[in-house]
Peer 1: 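Just dropping this structure here.
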Amino acid sequence: QVQLVESGGGVVQPGGSLTLSCATSGFPLDNYVIGWFRQAPGKEREGVSCISSAGNTRYEGSLKDRFTISRDSAKNRVYLVMNSLKPEDTAVYYCAADTRPIVTTQSTCQILYENLYDYWGQGTQVTVSS
């Protein structure tokens with residue numbers, strides 16, 4: 001049974017940092033893609049970052065300067081370190097898994113087409129406010 005559980009959200013002041021964790025189970029983490037997405041109030045969900053089966057990463061636009069995705073296969077966890085947080089980073093953050101067989105052979109990942117991710121966590125709230 002595939003499960004993804006996010007944790008680490010909370011309230012932080014502008015300029016602060018948070019580390020989100022995505023605990024996975026039910027599938028070999030190294031074989032598939034894990035993505036982070038977020039949904040701000042009143043907005044559509046958007047891709048934030050992903051890490052491929054090969055360990056390559058991708059970020060949405062300017063987030064690369066402030067966010068870092070990583071994977072700890074021994075712990076079956078994927079992390080999203082968020083630095084220099086801004087009020088516009090306020091959102092519910094979700095991790096998701098793309099377990100299509102094809103991703104096991106691809107070196108890259110994508111966060112544009114969220115419908116290709118077949119398993120999702122419940123989300124964790126991040127609020128950036130003074």
Peer 1: How many angstroms lie between CD1 in Ile51 and CG in Asn56, if you round to the nearest 0.5 Å?
Peer 2: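 Separation between the atoms: 8.0 Å.
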Peer 1: Could you give the distance from OG (Ser49) to OH (Tyr93), rounded to the nearest 0.5 Å?
Peer 2: 11.5 Å
Peer 1: May I ask you to check whether Arg77 and Ser21 show a side-chain donor-acceptor distance below 3.5 Å?
Peer 2: yes
Peer 1: Just verifying a value: how many Å separate Asp72 CG and Cys22 SG, rounded to the nearest 0.5 Å?
Peer 2: 12.5 Å
Peer 1: Are Glu114 and Phe37 close enough that some pair of their side-chain heavy atoms sits under 4.5 Å apart?
Peer 2: yes
Peer 1: Is it the case that over 12 heavy atoms from other parts of the model lie below 6.0 angstrom from the CD atom of Glu44?
Peer 2: no
Peer 1: Thr104 versus Tyr32: any side-chain heavy-atom pair under 4.5 Å?
Peer 2: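 Yes. Closest side-chain heavy atoms under 4.5 Å.
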Peer 1: So does Cys95 get a backbone contact from the side chain of Glu6, meaning a donor-acceptor N/O pair under 3.5 Å?
Peer 2: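 It does hold such a pair.
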Peer 1: Can Ser17 and Asn83 be counted as having a side-chain donor-acceptor contact under 3.5 angstrom?
Peer 2: yes
Peer 1: Are the side chain of Gln1 and the backbone of Gly26 linked by a donor-acceptor contact shorter than 3.5 Å?
Peer 2: no
Peer 1: Mind running side chain to side chain contact (heavy atoms under 4.5 Å, CB included) on Val5 and Gln122 for me, showing each step along the way?
Peer 2: CA-CA 7 Å; Val5 180; Gln122 82 289 349; 4.1 Å; yes
Peer 1: Could you check whether Phe27 and Tyr119 have their ring centres less than 6.0 Å apart?
Peer 2: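 No - the distance between ring centres of Tyr119 and Phe27 does not fall below the 6.0 Å cut-off.
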Peer 1: Rounded to the nearest 0.5 Å, how far does CG of Leu85 lie from OG1 of Thr127?
Peer 2: 11.0 Å
Peer 1: To the nearest 0.5 Å, what is the distance between CE on Met82 and OG1 on Thr19?
Peer 2: 7.5 Å
Peer 1: Quick one: OG on Ser84 to CG on Asp65, what's the gap to the nearest 0.5 Å?
Peer 2: 9.5 Å
Peer 1: So, for Gln110 and Cys50, which heavy atoms are closest and what is the spacing to 0.1 Å?
Peer 2: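 Answer, listing the atom of Gln110 first, then Cys50: N-SG, 3.6 Å.
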Peer 1: Are Val126 and Tyr79 co-members of a hydrophobic cluster defined by side-chain heavy atoms under 4.5 Å apart?
Peer 2: no
Peer 1: With the side chain counted from C-beta on, respond yes when Val48 and Ile111 share a heavy-atom pair under 4.5 Å apart, and no when they do not.
Peer 2: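 Result no, sub-4.5 Å side-chain heavy-atom pair not found.
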Peer 1: If every non-hydrogen atom of Ser52 is compared with every non-hydrogen atom of Ser107, which pair is closest and at what distance?
Peer 2: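 So the two residues come closest at OG-O, 2.8 Å.
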Peer 1: Side chains of Asp30 and Ser73: donor-acceptor distance under 3.5 Å anywhere?
Peer 2: yes
Peer 1: What I'd like to find out is whether the side chain of Leu63 reaches to under 4.5 Å of the side chain of Arg38, using heavy atoms alone.
Peer 2: yes
Peer 1: Within the structure provided, determine whether Ile34 and Leu29 are in side-chain contact (heavy-atom separation under 4.5 Å).
Peer 2: yes
Peer 1: Same cluster for Ile102 and Tyr117 if Ile/Leu/Val/Met/Phe/Trp/Tyr side chains link at under 4.5 Å?
Peer 2: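 In one cluster: yes.
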Peer 1: Assess whether side chain to side chain contact (heavy atoms under 4.5 Å, CB included) is satisfied between Arg66 and Asp89, documenting all intermediate values.
Peer 2: CA-CA 11 Å; Arg66 300 187 293 121; Asp89 294 317; 2.7 Å; yes
Peer 1: Hey, is the main chain of Val128 close enough, under 3.5 Å, to the side chain of Thr90 for a donor-acceptor pair?
Peer 2: yes
Peer 1: Hey, does Thr24 have a side-chain heavy atom less than 4.5 Å from the side chain of Gln3?
Peer 2: no
Peer 1: Could you state whether Leu116 and Tyr59 fall into the same hydrophobic cluster, counting links through intermediate Ile, Leu, Val, Met, Phe, Trp or Tyr residues with side-chain heavy atoms under 4.5 angstrom apart?
Peer 2: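 Hydrophobic grouping puts Leu116 apart from Tyr59.
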Peer 1: Do any N or O atoms from the side chain of Arg58 and from the backbone of Cys109 form a donor-acceptor pair under 3.5 angstrom?
Peer 2: yes
Peer 1: May I ask you to establish whether Arg45 and Tyr94 are in a cation-pi arrangement, using a distance under 6.0 Å from NZ or CZ to the six-membered ring centre and at most 45° from the ring axis?
Peer 2: yes
Peer 1: Is the closest side-chain donor-acceptor distance between Thr99 and Asp118 under 3.5 Å?
Peer 2: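 Present: a donor and an acceptor within the cut-off.
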Peer 1: Suppose we call two aromatic rings close when their centres sit under 6.0 Å apart. Are Trp36 and Phe67 close by that rule?
Peer 2: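 For Trp36 and Phe67, the ring centres are not under 6.0 Å apart.
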Peer 1: With a 4.5 Å cut-off on side-chain heavy atoms, are Leu80 and Thr68 touching?
Peer 2: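 When only atoms from C-beta onward are counted, Leu80 and Thr68 do not touch, as no gap falls below 4.5 Å.
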Peer 1: Check whether any side-chain heavy atom of Pro14 sits under 4.5 Å from a side-chain heavy atom of Pro87, and report yes or no.
Peer 2: yes
